Structure formats: C-alpha cells, structure tokens
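Everything quoted here is computed from the prediction, not taken from an experiment. A, B, ... follow the sequence lines: proteins, then strands. Residue 1 opens every chain. Worth knowing before you read on, the calculation uses all heavy atoms, side chains too, and leaves out hydrogens, waters and symmetry mates.
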Protein chains: 2
Amino acid sequence: MAKASTKATAQPAPKVDKPKTSATAKPKTRTNDPDRTRANIIEVATHEFSEKGLSGARIDEIAERTQTSKRMIYYYFESKEGLYRAVIENSYRRIRSIEATLDLEHKPPLEALAQHVRFTFDYQLANPDFIRLVMVENIHHGAHVAQFSPEQLDSMGDISTLHSIIKRGIAEGVMRKDIDPVDLHMSISALCFFNVANRHTFSTIFKVDMATPAATAARRESVADTIVRSVTL
Amino acid sequence: MAKASTKATAQPAPKVDKPKTSATAKPKTRTNDPDRTRANIIEVATHEFSEKGLSGARIDEIAERTQTSKRMIYYYFESKEGLYRAVIENSYRRIRSIEATLDLEHKPPLEALAQHVRFTFDYQLANPDFIRLVMVENIHHGAHVAQFSPEQLDSMGDISTLHSIIKRGIAEGVMRKDIDPVDLHMSISALCFFNVANRHTFSTIFKVDMATPAATAARRESVADTIVRSVTL
DNA sequence: CACGCAATGAACGAACTAGTACATGCTAGG
DNA sequence: CCTAGCATGTACTAGTTCGTTCATTGCGTG
C-alpha cells in the first residue's frame with residue numbers, strides 16, 4: 001500500500017516542499033498537508049467506489065486504506081455522497097486531460113479515425129476504474145453527473161477532434177456527407193466501453209478470454225474497422 | 001436448499017398447473033402457493049436489484065413490496081445473495097425464451113441481419129431492468145454468472161441465429177468470408193447495450209435526449225447500418 | 001381424521017455503518 | 001513568541017440491515 005507519490009491527483013496544488021517542519025523532521029511529528037490528504041483520499045475512494053459501487057463501498061474501509069482517518073473524509077468531503085461526487089468529477093477530469101494528446105491532423109482522415117478509435121480503445125482498456133465508475137453512475141441514473149456545472153459538462157462532451165476528422169474526411173471525399181458526429185462518437189464509445197465493462201459476463205458466457213493480448217489486438221482492429229466502414233461512402 | 005419448485009418463476013405467471021391448492025380457495029384464508037410466492041418475490045427483487053444494485057437493495061424493502069414477508073425470502077432463497085442469484089438466472093432465462101421468435105430464414109441475409117439487429121435493439125430498450133442487472137453483475141466481476149451450470153451458460157451463449165445468417169450471407173456472396181460470429185455478436189451487443197446502459201450520462205454530457213422516439217429510431221437505423229456495413233465485402 | 005411437513009407471520013437481535021463530539025497538534029500572522 | 005484558526009486523531013452514537021427465533025396455520029396422506 002505504499003503510495004508515496006500521489007501528489008497532483010486532486011489538483012495542481014503546489015505543495016512543493018515543507019521546510020517548516022524542521023527540515024530534518026523525522027516521521028515522528030505530524031505534518032499537515034491538506035492537498036496531499038485530499039488527493040490520497042480521492043485516490044483510495046476511486047478504487048473503492050469503482051469496485052463496489054456507491055452503496056457497496058464502506059467509508060471505514062476507505063479510511064483504513066488511507067494515510068489518514070475517517071474524520072478527514074468528513075472534514076473534506078462532508079458525506080459519503082460528497083466524496084463520491086469528488087471521485088467522479090476527478091475521474092472525468094483526468095480522462096479529459098490525457099485525451100487528445102494525439103497528433104492526427106496530418107494523417108489521412110480514415111487513418112486518423114482508425115487511430116482515434118484505437119487510442120480510445122486502449123485508453124478505456126487501461127482505465128477500468130473509470131469505466132466501472134461510469135457504470136455505477138448510470139445505475140444511479142446519472143444523478144451525480146447531472147449536478148456538474150455547465151462548463152464541466154461542456155468540456156466533458158468535447159469531441160472536436162472527431163469533428164475535425166469528419167470535416168476533413170468529407171472535404172477529401174472519403175466519408176459520407178451525412179455523418180452525425182455525436183452518433184459516431186456514441187458508436188465508438190459503445191464498442192470500446194463494452195469491451196471493458198461487460199468483459200466478465202461476456203467471457204463467461206461465450207467461453208472466450210477477452211483479456212489475452214491476441215484477443216485484445218483482434219478486437220481492437222475489429223472495432224476500428226467497423227467504425228471506419230461505417231463512415232465510408 | 002428449499003429448491004423445491006423451479007418451474008414458473010416470475011412473469012405473467014398465470015398460475016398454471018395448480019390443482020392442489022383448492023381451485024376454489026377464497027381470499028379469506030391463507031392459501032399456500034409457493035410458486036406464486038416465489039415468482040412474486042423474484043419479480044419485486046428484480047426491479048430492486050436492477051435499480052439499486054446488490055448492496056444498495058434492501059431486503060426489508062423488497063419484502064414490503066411483496067405480497068408476503070421477509071421470512072419467505074429467507075425461506076426460499078436463504079440469503080440476499082441467493083435471491084440475487086435467482087434474479088439473475090431468471091432474467092437470463094426470460095431473455096432467452098423470447099429471443100429468436102423472429103422469422104429470418106427466408107429473407108436476404110443482409111436484410112435478415114439488419115432485422116436481427118433492430119430486434120435486439122428494441123428488445124434491450126424494452127428491458128432496461130435486464131440491462132441494468134447485467135451492469136450490476138459486471139461490477140461484481142460476473143462472479144454470480146460464473147456459478148451457473150454449463151448447460152445454462154450454453155443456452156445463454158446460443159447465437160445460432162446469427163451463425164446461420166452469416167452462413168447464408170457468405171454462401172450467397174454478400175458477406176465477407178472471415179466474419180467471426182462471436183465478434184460480430186459482441187459488436188451488436190455493444191451498440192445496443194450502450195444505448196440503454198449509458199443513456200443517462202451520455203444524454204447529460206452531450207445534451208441530447210436519447211429517449212425521444214425520433215432519436216431512438218435514428219439510432220436504431222444507425223446501429224443496424226453500422227453492423228451491416230461491417231460484414232459486407 | 002389426525003399427523004407430519006410445508007408455508008407463513010411477527011418480533012427480535014447482533015453486527016455494521018454513516019456521521020459526530022471532543023480533544024489536540026500544527027502553522028502562520030502579528 | 002503567542003494566539004487564532006486550520007488540520008487531525010480518538011472514541012462514540014444513533015439508526016440501519018441482514019438474518020433468525022419462536023410460534024401458527026394450511027395441506028396432503030396414510
């Protein structure tokens with residue numbers, strides 16, 4: 001459980017150094033570090049909630065796995081739901097910040113689209129906690145996401161990358177003119193999401209191990225191909 | 001252990017064969033009717049679990065909405081998990097029994113495939129409880145589905161309809177020869193599933209109402225089209 | 001027709017769980 | 001260096017929640 005470096009999980013809090021506590025301070029004394037504490041709590045809670053759901057997660061258990069105590073959870077987040085909200089918000093923010101670091105602007109549109117799909121596929125695969133959190137949230141009818149601010153929602157729903165790919169595709173005459181970006185995005189999300197979200201029941205029922213590198217690679221190409229085909233003339 | 005009867009479970013349980021319980025029984029006296037009681041409990045529990053998850057559902061609440069008491073839940077299902085298992089099993093059984101009542105054998109392969117997709121789409125849309133239950137189960141890593149018998153799993157994974165459509169499609173030269181039926185099924189499931197499972201967060205983030213008839217119809221066709229395109233030459 | 005077993009009900013309790021009261025250490029500003 | 005207020009830890013409580021105990025009623029059958 002040693003989770004030392006977790007610094008900027010919650011926010012870019014410049015907590016740099018803490019010379020105060022006698023530079024030579026030993027682990028004996030307590031060191032107040034709000035940002036770190038918050039970040040640590042969110043990190044632990046993210047995993048707990050994604051693993052057991054909102055009602056299944058236990059505050060006491062989260063507190064135990066934290067470097068601090070239950071008291072701090074209520075001090076910073078007020079309630080179990082407050083913590084859950086912070087977790088969801090933090091997860092969405094992280095996902096957003098990492099996406100779109102891809103350079104697709106000067107590749108042929110269809111190739112760019114395929115790349116975009118593969119990236120999405122791999123990213124979701126690499127972040128099962130986020131996927132599970134989205135499932136949990138939908139079981140709750142998206143009630144907490146609905147509380148987000150308009151700005152937050154806007155940035156979460158930013159699919160400008162896809163827009164520009166489609167635009168170029170149409171301009172270059174390699175894509176249908178009637179593509180609905182949101183509809184396309186939904187298809188991409190659906191295919192990538194399912195791969196992570198439902199892998200357990202699907203693997204069990206169809207007796208395949210979706211987790212092997214070979215199966216993953218094959219599925220990744222299948223999804224990319226399916227999407228590319230859906231936009232061509 | 002009281003695995004006594006496993007016949008009529010939840011559903012329009014028309015109280016089929018029930019010669020024993022004096023057919024003329026009046027509402028005044030208590031009428032022992034195990035099957036009906038079981039079915040009633042499962043019905044209520046299905047909704048509760050799908051709405052709140054395994055840990056979120058409350059046995060007391062389920063009991064209240066039942067025509068019987070909590071005592072009966074434990075009498076028939078032993079535990080909360082036992083009830084949950086029965087609910088999952090029953091749901092999968094229902095889904096299976098209704099599917100494949102479609103006559104697709106003498107339609108052109110591609111048309112048959114499109115129909116099959118539309119049917120799946122509509123069916124999942126009409127059964128959100130089942131979809132949500134599958135989500136809940138996957139959050140639990142499919143641990144309970146994994147306990148099903150091989151026979152149960154076999155019938156749940158029966159995609160012979162799809163197999164035969166593909167077979168005809170290839171024979172008639174209108175489909176690719178290298179289609180993997182399970183892979184195709186996964187794509188169909190993914191696209192249909194997402195439409196119900198993630199509608200809340202998706203609608204909120206992208207500011208669209210996925211529930212309108214128009215949006216539903218459009219999405220249905222988009223999904224059918226995407227799948228059909230994915231198998232053509 | 002009575003007897004054993006299945007089905008049912010009401011109330012109870014032990015364990016758990018979210019949240020809090022109280023006490024105290026730490027850091028910064030004057 | 002001293003005080004105010006933020007940060008933290010400990011111990012506790014009030015309210016749930018699953019599951020059970022004890023008792024009773026209906027049903028089929030010998």
Side-chain angles (χ1 to χ4, degrees), chain A residues 10 13 15-23 25-41 44-45 48-49 52-87, chain B residues 1-7 15 17-41 45 48-49 52-87:
Chain A
K15 192 39 194 183
V16 273
D17 47 8
K18 39 185 62 59
K20 304 318 228 149
T21 340
S22 67
K26 280 308 164 210
K28 192 84 233 92
T29 57
R30 183 179 92 199
T31 311
N32 285 358
D33 192 339
D35 296 317
R36 194 187 186 78
T37 300
R38 281 183 67 101
N40 180 233
I41 292 173
V44 174
E48 278 296 298
F49 281 128
K52 314 188 181 166
L54 173 50
S55 44
R58 298 290 166 238
I59 291 288
D60 286 290
E61 198 158 330
I62 292 173
E64 245 176 58
R65 304 192 180 183
T66 288
Q67 283 158 1
T68 176
S69 67
K70 180 160 71 156
R71 179 70 186 77
M72 286 301 94
I73 294 177
Y74 285 94
Y75 183 71
Y76 286 119
F77 305 98
E78 293 166 67
S79 66
K80 188 182 186 180
E81 271 212 18
L83 176 58
Y84 174 74
R85 248 179 276 125
V87 162
Chain B
M1 320 270 131
K3 280 289 165 214
S5 53
T6 342
K7 44 166 88 169
K15 193 169 187 323
D17 48 279
K18 215 80 203 64
K20 22 194 69 185
T21 330
S22 65
T24 57
K26 274 313 161 205
K28 189 81 228 89
T29 56
R30 184 180 92 198
T31 311
N32 288 356
D33 192 339
D35 295 318
R36 194 181 190 78
T37 299
R38 282 182 66 102
N40 180 233
I41 292 173
E48 279 295 300
F49 281 129
K52 315 188 181 167
L54 173 49
S55 44
R58 298 290 166 240
I59 291 287
D60 285 288
E61 197 159 328
I62 292 174
E64 247 176 57
R65 304 193 181 182
T66 288
Q67 282 155 3
T68 177
S69 67
K70 180 161 71 158
R71 179 71 185 71
M72 287 300 93
I73 293 176
Y74 285 93
Y75 183 70
Y76 288 121
F77 305 98
E78 294 165 66
S79 66
K80 190 181 187 182
E81 270 212 18
L83 175 57
Y84 174 75
R85 247 179 277 128
V87 162

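In this structure, B/F49 and B/K80 have side chains that are in contact, with non-hydrogen atoms separated by less than 4.5 Å.
Between A/R71 and C/dT20 there is no side-chain N or O to OP1 or OP2 distance below 4.0 Å. Not one side-chain nitrogen or oxygen of B/S69 sits closer than 4.0 Å to the OP1 or OP2 atom of C/dA10. Put simply, B/T37 has a side-chain N or O that comes within less than 4.0 Å of OP1 or OP2 on C/dT8. Distances shown here put every side-chain N or O of A/Y75 at or beyond 4.0 Å from the OP1 or OP2 atom of D/dG9.
No N or O donor and acceptor, one from the side chain of A/K80 and one from the base of C/dG19, sit under 3.5 Å apart. No N or O donor and acceptor, one from the side chain of A/K70 and one from the base of D/dG9, sit under 3.5 Å apart.
Rounded to an integer number of Å, the gap from B/R58 CZ to C/dC16 P is 15 Å. Rounded to whole Å, atom P of C/dA18 lies 11 Å from atom CD of A/E48. A straight line from CG of B/D60 to P of C/dG13 spans 16 Å, rounded to a whole angstrom. Rounded to a whole Å, the CZ atom of B/R38 is 14 Å from the P atom of C/dA6. When the P atom of C/dG19 is taken as reference, atom CD1 of A/I62 falls 11 Å away, rounded to whole Å. The distance between atom CD1 of B/I41 and atom C1' of C/dG9, rounded to the nearest whole Å, is 13 Å. Counting to the nearest Å, the C1' atom of C/dG19 and the CE atom of A/M72 are 13 Å from each other. Between the CD atom of A/E64 and the C1' atom of C/dC16 there is a distance of 13 Å, given to the nearest Å.
In the displayed structure, B/Q67 atom CD is contacted under 6.0 Å by at most 12 heavy atoms of other residues, nucleotides or ligands. More than 12 heavy atoms of other residues, nucleotides or ligands sit less than 6.0 Å from atom CD of B/E61.
Heavy-atom minimum distance, A/S69 versus A/A63: C-CB, 4.1 Å.
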(message) Please determine whether side-chain contact (heavy atoms from CB on, under 4.5 Å) holds for the pair B/Y84 and B/E48, giving the CA-CA distance in whole Å, both sets of side-chain angles, and the decisive distance to 0.1 Å.
(response) CA-CA 10 Å; B/Y84 174 75; B/E48 279 295 300; over 6 Å; no
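Using a 4.0 Å heavy-atom distance criterion, A/Y76 is classed as a sugar-phosphate-only contact. Residue-level contact check: A/A63 touches neither bases nor backbone, having no heavy atom under 4.0 Å from any strand.
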